[in-house]
Amino acid sequence: MNNSPILQDLNPAQAEAVSAPAGNQLILAGAGSGKTRVLVHRIAWLIQQQRISPYAIMAVTFTNKAAREMRGRIEELLGLNPRGMWVGTFHGLAHRLLKAHWQDAKLPQNFQILDSDDQLRLVKRINLALQLDEERWPAKQSQWFINHQKDEGLRPDYIQSHGDPHQETLVRVYRAYEEACQRGGMVDFGELLLRAHELWLNNPLLLAHYQERFPFILVDEFQDTNTIQYAWLRVLAGDKCSISAVGDDDQSIYGWRGAKIENIQRFTLDFKDVQTVKLEQNYRSTANILNAANAVIENNSGRLGKTLHTDGDDGDKVSLYAGFNEQDEARFIVERIEEWQRKGKFLGDCAILYRSNAQSRILEEALLREAVPYRIYGGQRFYERLEIRNALAYLRLTLNRDDDAAFERVINTPTRGIGGKTVDGIRLFAREQGCSMWQAAQAMVENKGLTPRAGSAVDSFLQLVNGLDEQSEDLSLERIADMAIKATGLIEFHEKEKGEKGQARVENLQELVNACRTFVTADEEISPLQEFLDGAALDAGESQADEFEDAVQLMTLHSAKGLEFPVVFMAGVEEGLFPHRMSAEEPGRMEEERRLCYVGITRAMQKLYICYAESRRMYGSETFNKVSRFVKEIPDKLIEEVRIKSTISRPVSYGGGYGNAAQSRTRLGGGKVAGRLSDDGGDTGLRLGQRVRHKKFGEGTILHFEGNKIQINFEEVGTKWLISGVKLDPV
DNA sequence: AAGATAGTCGTTTTT
DNA sequence: CGACTATCTT
């Protein structure tokens with residue numbers, strides 16, 4: 001075989017996949033089997049060994065993060081930037097195509113991307129226009145319906161209602177929604193894919209051009225493709241392209257949002273001469289962990305059949321801990337983490353994984369109590385924040401006045417005396433005239449179709465946006481953003497907000513200006529602002545502050561896919577929670593839960609703890625759950641049950657039961673006596689400004705009380721938020 | 001137009 | 001239970 005450096009350090013299966021001749025290939029890559037490595041090496045192989053131009057290669061991923069990582073690793077391996085190669089998400093690439101061929105796609109050149117929040121608002125407006133009662137026709141449901149249809153590649157005309165009136169109404173909403181989008185030049189996420197697909201179908205010459213250009217396409221996480229993504233690829237590939245589909249049917253966990261695990265099998269039928277390679281050697285986990293994972297996933301039917309193996313040691317057994325309740329579970333986890341830390345290891349080696357976000361609070365509190373730094377993944381992203389979305393809406397309006405979503409968002413933000421009535425009037429007029437709200441507002445101001453007061457308020461809004469646009473003319477992106485947050489009064493608006501919130505919002509707005517300053521444009525053809533806004537919609541900005549602090553990682557099992565950690569805690573592994581009760585009925589759903597469990601187990605490199613709570617407070621009432629069926633699927637010999645040592649297992653301090661003096665006192669202390677809460681923490685005996693000592697952070701001064709948290713400015717470690725229950729000694 | 005209050009609902013999430 | 005929303009009140 002070839003002794004190229006690109007094949008060095010690859011096992012036979014990996015090398016086979018990397019050096020395969022041109023043609024379609026399916027790479028079934030088990031967890032921890034070096035999937036990304038194979039993908040990146042395959043690209044390097046094509047470029048260096050086969051002398052394929054980077055221009056001829058397209059690599060598709062699902063997340064921006066994955067796309068960035070791939071690009072980075074190719075660059076690292078090749079020692080140069082593979083210019084001309086297309087690497088991106090399905091949505092990002094579709095967007096790129098639509099931008100380049102906007103006329104063929106029947107879109108305005110400056111079309112805007114509608115995110116799910118805008119989409120929901122728009123659906124609500126459609127409901128109003130169609131006089132559909134929110135009660136019977138929840139916008140959320142219609143939104144889900146529309147997105148689902150688009151994922152399946154269906155336009156309203158192609159949906160079979162079979163006379164079902166409910167379905168017919170939803171189709172009506174879908175149709176009206178589409179018209180509104182087209183009128184406003186707005187494209188939602190599903191539409192990007194659908195349009196890009198139609199772009200191929202309607203423009204054979206264009207398709208031929210791209211088919212010629214991209215004889216090599218690589219797709220990551222193939223098991224996550226949905227119907228429209230698959231169709232898009234299928235058409236683009238034609239019958240001459242070499243597709244490398246990389247995926248793992250056992251890690252398909254997004255069926256609930258339209259991913260079709262069957263696409264993997266379908267691939268071998270639809271594409272000719274598919275060579276299948278299985279990567280079954282795992283380089284990540286100990287044998288015990290891997291065997292546990294294998295034992296669980298074996299219970300699924302219809303697998304493509306892969307069994308991971310490792311050359312590594314058995315390692316520790318999987319520890320199973322039965323917590324008395326969720327507090328006890330959290331306490332156990334934090335103790336183990338502190339143990340790890342005492343051995344001089346990194347906190348960042350530890351991950352706590354859970355099924356649902358609601359579980360994070362208890363864990364967070366336990367970590368806070370012990371002052372263990374942590375970082376939660378997921379949650380609200382930067383560009384989803386209210387204040388940021390408002391600022392972006394102004395910027396969007398400067399580029400496209402017909403963007404109704406943006407118009408509605410900021411016409412009265414900050415408040416400028418335009419009430420609901422006025423907005424209703426504008427909306428109605430726009431609907432009657434079949435024009436955008438901006439145009440309607442303009443006409444109404446001119447024709448004096450508004451009360452004098454409302455008229456002048458609306459006019460000043462119109463002038464504000466026009467002014468922003470004019471002044472943006474030859475300013476840098478940073479200056480435009482800076483001007484926008486100031487001239488619109490958004491900064492002022494949030495400064496006046498009381499509490500921490502306003503402060504944080506002002507900071508976020510400044511951060512937005514900062515983001516504009518560091519934004520690097522890539523496309524000469526379109527304005528930097530347009531490019532920035534598109535980027536904001538397509539990549540919600542995952543990077544977070546405090547990224548460099550050594551901290552325990554908390555996230556859902558879903559967001560853990562693709563990651564690995566030396567120590568993993570799976571929390572709440574109970575029937576009803578994991579597998580979730582919502583997935584209990586359908587067998588398909590249950591198998592997906594099992595795959596999720598498989599994903600969780602295989603995140604662990606050295607040590608896996610599985611935890612559950614015998615009793616757990618859910619929705620206010622106490623529930624008693626059994627240990628998850630998945631735990632029972634793991635052979636006993638791989639598990640070691642952790643015995644409760646001399647711990648506080650009495651439920652006294654955890655509510656429930658009776659005679660809970662501490663709790664009733666809190667309620668009395670914090671309830672009626674108005675004013676007290678603002679300058680002290682209830683019955684804790686702590687006051688604002690008081691000097692206290694914390695066992696890890698040392699001495700500090702109390703700055704704030706908010707809810708169940710205390711903010712303290714520590715001499716040595718700076719300002720921190722702690723949970724009220726934390727031990728603090730007055731100094 | 002802010003603030004209070006009643007009512008609802010309760011997986012997973014990227015783009 | 002508690003976060004979030006929709007609606008009502010001043």
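Keep in mind it's a predicted model, so treat the numbers as computed, not measured. Residue numbers begin at 1 in each chain, while the letters A, B, ... track the order of the sequences.
Using a 4.0 Å heavy-atom cutoff across all strands shown, Gly417(A) reaches sugar-phosphate atoms only and no base atom. Counting any heavy atom pair closer than 4.0 Å across all strands shown, Asn412(A) reaches sugar-phosphate atoms only and no base atom. Nucleic acid contact class of Lys124(A) (heavy atoms, under 4.0 Å, all strands): sugar-phosphate only.
Under the 6.0 Å cut-off for aromatic ring centres, Phe461(A) and Phe407(A) qualify, their centroids lying closer than that. Close placement of the Phe111(A) and His95(A) rings is indicated, their centers lying within 6.0 Å of each other.
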Short heteroatom pairs, N/O only, protein and nucleotides 8-10 of chain C, under 3.5 Å:
none

Quick test: give all pairs of protein nitrogen or oxygen and nucleotides 7-12 of chain B nitrogen or oxygen below 3.5 Å, distance rounded to 0.1 Å.
{"from": "dT11(B)", "atom 1": "O4'", "to": "His580(A)", "atom 2": "NE2", "distance (Å)": "3.3"}
{"from": "dT12(B)", "atom 1": "OP1", "to": "Asn357(A)", "atom 2": "N", "distance (Å)": "2.8"}
{"from": "dT12(B)", "atom 1": "OP1", "to": "Asn357(A)", "atom 2": "ND2", "distance (Å)": "3.3"}
{"from": "dT12(B)", "atom 1": "O4'", "to": "Arg355(A)", "atom 2": "NH2", "distance (Å)": "3.1"}
{"from": "dT12(B)", "atom 1": "O2", "to": "Trp256(A)", "atom 2": "NE1", "distance (Å)": "3.4"}
{"from": "dT12(B)", "atom 1": "O2", "to": "Arg355(A)", "atom 2": "NH2", "distance (Å)": "2.5"}
{"from": "dT12(B)", "atom 1": "O2", "to": "His558(A)", "atom 2": "NE2", "distance (Å)": "3.4"}

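Side chain of Arg257(A), nearest nucleotide from dT13(B), dT15(B), dC1(C): dT13(B).
Between Arg617(A) atom CZ and dC1(C) atom P there is a gap of 7 Å when expressed in whole angstrom units. The CH2-P distance, from Trp144(A) to dT15(B), rounds to 21 Å in whole Å. Taking atom CG of residue Asp118(A) and atom P of nucleotide dT15(B), one finds them 16 Å apart after rounding to whole Å. Between the CD1 atom of Ile418(A) and the C1' atom of dA2(B) there is a distance of 18 Å, rounded to whole Å. At whole-Å resolution of the value, CG in Leu120(A) and C1' in dT5(C) are 12 Å apart. Taking atom OH of Tyr354(A) as the reference point, atom P of dT13(B) lies 9 Å away to the nearest angstrom.
For Arg257(A) and Tyr254(A), the positive end sits near the middle of the six-membered ring, less than 6.0 Å away and at most 45° from its axis.
Counted within 6.0 Å of CZ on Arg155(A), heavy atoms from surrounding residues, nucleotides or ligands total more than 12; the atom is thus considered enclosed.
Looking only at distances, a side-chain donor or acceptor of Gln229(A) sits under 3.5 Å from a matching main-chain atom of Asn226(A).
The side chain of Arg381(A) places an N or O atom within less than 4.0 Å of a non-bridging phosphate oxygen (OP1 or OP2) of dT14(B).
A salt bridge (charged side-chain N to carboxylate O under 4.0 Å, His left out) check over residues 406-423 of chain A, counting only residues at least two apart or in different chains, returns the pairs Asp117(A)-Arg409(A), Arg125(A)-Glu408(A), Glu408(A)-Arg427(A).
On the P atoms, dA3(C) is 15 Å away from dT12(B), given to the nearest whole Å. Taking the P atoms as reference points, dC4(C) lies 13 Å from dT11(B), given to the whole Å.
Here Glu575(A) does not pair with Arg581(A) in a salt bridge; the nearest charged N to carboxylate O distance is not below 4.0 Å.
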